[in-house]
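In what follows, a single structure is set out as structure tokens and then discussed.
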Amino acid sequence: MEHEIYVSREVKNLGHNNSAALIKKAVNMALDAEGVDVPCIVSVMLTDDEGIHRVNNEFRGVDRATDVLSFPMNELTPGEFDAEECERDMDTGAVLLGDMMISVPRCEAQGEEFGHGYEREIMYLTVHSILHLLGYDHMEPDEAAVMEAKQAKALEDLGITR
């Protein structure tokens, strides 16, 4: 099954040549791992710290940059994906899963800081965001533990280790 994954850049020449391919691979793996068996549409905006700071402040009231933001189109229960409960594209019938925004400079810095590089970090942030689009959260310790385990498993499945 083919998911529609749109990757765009808010700032020209931002990111790495392989960013879109890495993001698409991570989206597909995360959706497969969650048993999502219908075509979905996901939009990803690569931006810089200024761009993500602006959006974080506007939509969440948080006046700082962050690494990734997720904007789910549906109110989903974690681990219970139900395509019938989701918004659909009127032309194709694909599930409109949502949007994500990734700060490339933050991704680069964290990849270096954690010692695993840009590729692992952008795939980690993508998987993290997909889990949010599927209803997962990490505000409570038990929720965080579930998300962390799912992220680790998806990265392992992608062959990405620390």
Side-chain angles (χ1 to χ4, degrees), residues 3-16 19-20 22-31 33-34 36 40-83 85-89 94-114 116-155 160:
H3 298 296
E4 296 176 51
I5 305 159
Y6 301 101
V7 181
S8 56
R9 289 176 168 83
E10 188 176 45
V11 179
K12 191 175 181 179
N13 298 324
L14 185 68
H16 300 232
S19 294
L22 294 169
I23 289 166
K24 290 175 182 180
K25 185 175 178 181
V27 167
N28 283 306
M29 176 59 71
L31 291 175
E34 284 297 303
V36 176
C40 294
I41 299 174
V42 176
S43 294
V44 182
M45 173 65 70
L46 299 177
T47 190
D48 56 18
D49 283 348
E50 285 178 38
I52 209 163
H53 181 167
R54 183 179 64 253
V55 173
N56 203 20
N57 197 18
E58 181 179 338
F59 287 93
R60 297 180 61 229
V62 178
D63 190 17
R64 62 176 170 77
T66 188
D67 49 8
V68 64
L69 292 172
S70 308
F71 300 96
M73 290 287 292
N74 308 284
E75 299 266 339
L76 298 173
T77 302
E80 298 177 21
F81 178 80
D82 182 356
E85 300 289 318
C86 295
E87 294 285 329
R88 300 283 189 129
D89 180 83
V95 168
L96 297 169
L97 207 53
D99 304 326
M100 67 178 80
M101 182 177 243
I102 298 173
S103 168
V104 172
R106 182 70 44 122
C107 182
E108 291 168 339
Q110 288 175 179
E112 191 172 312
E113 175 186 343
F114 301 135
H116 54 233
Y118 176 81
E119 288 188 9
R120 183 190 188 282
E121 188 66 16
I122 199 160
M123 293 175 94
Y124 167 82
L125 294 175
T126 300
V127 169
H128 181 89
S129 187
I130 286 294
L131 291 172
H132 278 309
L133 298 184
L134 293 172
Y136 290 91
D137 208 346
H138 48 80
M139 299 305 279
E140 301 296 327
D142 57 331
E143 295 172 333
V146 168
M147 267 190 87
E148 288 167 13
K150 288 185 172 289
Q151 289 163 176
K153 172 80 168 80
L155 290 170
I160 305 290

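Because only heavy atoms are used, hydrogens play no part in the values below, and waters and symmetry mates are left out as well, while side chains stay in.
For the side chain to side chain contact (heavy atoms under 4.5 Å, CB included) criterion with F81, the lone passing option out of L134, N74, L31 is L134.
When side chains are defined from C-beta on, S8 does not count as touching L46, because their heavy atoms never get closer than 4.5 Å. Within the 4.5 Å cutoff, the side chain of I41 has no heavy atoms near those of the L97 side chain. Contact check for Y118 versus V104: side-chain heavy atoms found under the 4.5 Å cut-off.
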Stepwise, does the salt bridge (charged side-chain N to carboxylate O under 4.0 Å, His left out) test hold for R106 with E113?
-> CA-CA 10 Å; R106 182 70 44 122; E113 175 186 343; over 6 Å; no
Check the pair V42, Y6 against side chain to side chain contact (heavy atoms under 4.5 Å, CB included), reporting the backbone distance first and the verdict last.
-> CA-CA 6 Å; V42 176; Y6 301 101; over 6 Å; no
L69/R60 under side chain to side chain contact (heavy atoms under 4.5 Å, CB included): CA gap, chis, key distance, verdict = CA-CA 10 Å; L69 292 172; R60 297 180 61 229; 3.7 Å; yes
Could you give me the CA-CA distance, side-chain angles and deciding distance for M123 and M29, then say whether side chain to side chain contact (heavy atoms under 4.5 Å, CB included) is met?
-> CA-CA 10 Å; M123 293 175 94; M29 176 59 71; over 6 Å; no
Derivation of the side chain to side chain contact (heavy atoms under 4.5 Å, CB included) call for D142 and V146 = CA-CA 6 Å; D142 57 331; V146 168; 5.9 Å; no
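Separation of atoms CD (E10) and CE (M45) is listed at 5.5 Å; rounding is to 0.5 Å. Of the inter-residue distances, the one linking E121 atom CD with I102 atom CD1 reads 9.5 Å to the nearest 0.5 angstrom. To the nearest 0.5 Å, the span separating OG on S43 from CG on D99 amounts to 5.0 Å. Rounding to the nearest 0.5 Å gives a distance of 8.0 Å between OG of S103 and CG of D67. To the nearest 0.5 Å, atom NZ of residue K25 and atom CD1 of residue I23 are 13.5 Å apart. With rounding to the nearest 0.5 angstrom, the OG atom of S129 is 9.0 Å from the CZ atom of F71.
Heavy atoms of other residues, nucleotides or ligands lying less than 6.0 angstrom from CD of E50 number 12 at most.
L96 approaches D89 most closely through the heavy-atom pair CG-N, 3.8 Å. The shortest heavy-atom contact between D82 and C86 is O-SG, 3.5 Å. Minimum interatomic distance between E87 and M73 (heavy atoms only, all atoms of both residues): CG-O, 3.9 Å.
The backbone N or O of C40 sits less than 3.5 Å from a side-chain atom of H3, completing a donor-acceptor pair. T126 places a side-chain N or O within 3.5 Å of a backbone atom of I122 that can act as its donor or acceptor partner. A distance-only check finds no donor-acceptor pair linking the side chain of Y124 to the backbone of E119 [under 3.5 Å]. A distance-only check finds no donor-acceptor pair linking the side chain of H116 to the backbone of R120 [under 3.5 Å]. With hydrogens and angles disregarded, a donor-acceptor distance shorter than 3.5 Å links the side chain of E143 to the backbone of M139. At least one donor-acceptor pair closer than 3.5 Å links the side chain of S19 to the backbone N or O of H16.
A salt bridge does not link K153 to E148: none of the charged side-chain nitrogens sits closer than 4.0 Å to a carboxylate oxygen.
Q151 and H128 share a side-chain donor-acceptor pair at under 3.5 Å. Judged by distance alone, the side chains of T66 and N56 never bring a donor and an acceptor atom under 3.5 Å apart. No side-chain N or O of H53 forms a donor-acceptor pair with one of D48 less than 3.5 Å apart.
Judged as a salt bridge (Lys or Arg N to Asp or Glu O under 4.0 Å), and not counting sequence neighbours, the contacts of E34 are K150.
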